[in-house]
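Input: a single structure, listed below in structure tokens.
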Amino acid sequence: EVGDKVEANYKGRGKWFPGKIKRVRLDGSYDVDYNDGESEMAMSADNVRLIDGSGGLSSSRSPNRKPRIEEGSKVEANYKGKGKFYPGRVKRDRGDGTFDIDYNDGEQEIRVPEEMIRLTEMGSMSMKSKSVLEEGMKVEGNYKGKGRWYSATIKRARLDGTFDLDYDDGEFEVKVTEDMIRVKEGAQKSGRSPPLEVGDKVE
């Protein structure tokens with residue numbers, strides 16, 4: 001709210017300075033007046049955090065609370081704090097408010113602060129619990145993350161939620177993340193029927 005004492009990530013550079021909310025904009029961003037006399041406009045909620053009355057950071061509320069970031073969450077991260085966000089997936093939650101990120105373009109970054117990460121999907125269900133991909137399934141894979149999709153078969157489903165793909169053209173790729181794979185229309189595991197569920201009609 002206007003007048004709340006906050007800390008804000010000055011120009012998104014990773015350094016947090018105390019100030020007050022001067023204005024709450026309709027798009028959910030904030031104008032902040034820093035205690036040192038500087039000011040900044042239209043700051044995103046993930047670059048502003050509330051300070052409680054004792055001077056410490058408040059865990060009970062923030063200007064705009066985000067869903068929890070977990071291992072396997074699809075995210076966009078501020079690569080090296082330079083202000084540009086790139087898509088990827090959370091590889092590891094280090095438990096200290098930082099995360100290791102596997103970017104879709106193959107780059108990796110460790111110990112990225114939470115304020116430099118934003119979720120790109122509603123909720124934060126892990127890959128392991130939501131995966132519909134199985135060994136033997138006909139799919140298309142985003143080869144080396146370059147944006148081109150090619151027909152393939154899942155050769156192996158790994159415990160870390162990644163997959164090994166045999167492409168129809170003879171290429172092979174290991175540890176492909178789920179967001180780089182899409183199921184073909186009507187695809188199922190080769191040589192077997194899809195798994196049965198309670199209530200399914202059978203013969």
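Just so it is clear, the values below take in all heavy atoms, side chains as well, and ignore hydrogens, waters and symmetry mates.
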Value rounded to 0.5 Å, distance of [atom1] in [X] from [atom2] in [Y]:
X	Y	atom1	atom2	answer
Ser39	Arg23	OG	CZ	12.5 Å
Phe17	Asn35	CZ	CG	11.0 Å
Asn142	Met180	CG	CE	5.0 Å
Ile110	Thr98	CD1	OG1	8.5 Å
Arg89	Glu71	CZ	CD	12.0 Å
Thr177	Arg158	OG1	CZ	13.0 Å

For the residue pair [X] and [Y], confirm or rule out a side-chain donor-acceptor distance under 3.5 Å.
X	Y	answer
Glu140	Tyr150	no
Tyr86	Glu76	no
Glu171	Tyr143	yes
Tyr34	Glu40	yes

Side chains of [X] and [Y] in contact at under 4.5 Å (non-hydrogen atoms):
X	Y	result
Arg94	Phe99	no
Trp16	Glu115	yes
Val6	Arg49	no
Val112	Ile117	yes
Leu165	Ile154	yes
Lys91	Gln108	yes
Trp149	Arg182	yes
Val75	Ile101	yes

What closest approach, in Å, do [X] and [Y] show between heavy atoms, and which atom pair accounts for it?
X	Y	result
Met43	Asn47	CE-O, 3.7 Å
Leu119	Ser73	CD2-CB, 3.6 Å
Arg25	Asp31	NE-OD1, 2.8 Å
Gly88	Asn104	CA-OD1, 3.4 Å
Val24	Ile21	CG2-CG2, 3.9 Å

Aromatic centroids of Tyr167 and Phe172 separated by under 6.0 Å: no
Phe85 six-ring centre to Arg118 NZ/CZ under 6.0 Å and within 45° of normal: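 Yes, Arg118 and Phe85 form such a contact.
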Taking the side chain from [X] and the backbone from [Y], do they hold a donor-acceptor pair closer than 3.5 Å?
X	Y	value
Asp166	Thr153	no
Glu109	Lys80	yes
Asn9	Arg13	yes

Cluster link Met41 to Val2, ILVMFWY, side chain under 4.5 Å: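 No, because Met41 and Val2 fall into different hydrophobic clusters, even though each may have its own neighbours under 4.5 Å.
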Evaluation steps, salt bridge (charged side-chain N to carboxylate O under 4.0 Å, His left out), between Asp105 and Lys146: CA-CA 7 Å; Asp105 62 4; Lys146 294 180 178 179; over 6 Å; no
From CA spacing to verdict: side-chain contact (heavy atoms from CB on, under 4.5 Å), Val32, Lys20: CA-CA 6 Å; Val32 175; Lys20 285 186 179 182; over 6 Å; no
Worked check of side-chain contact (heavy atoms from CB on, under 4.5 Å) between Phe163 and Arg156: CA-CA 6 Å; Phe163 301 85; Arg156 178 182 177 190; over 6 Å; no
Arg111/Asp100 salt bridge by N-O under 4.0 Å criterion: no
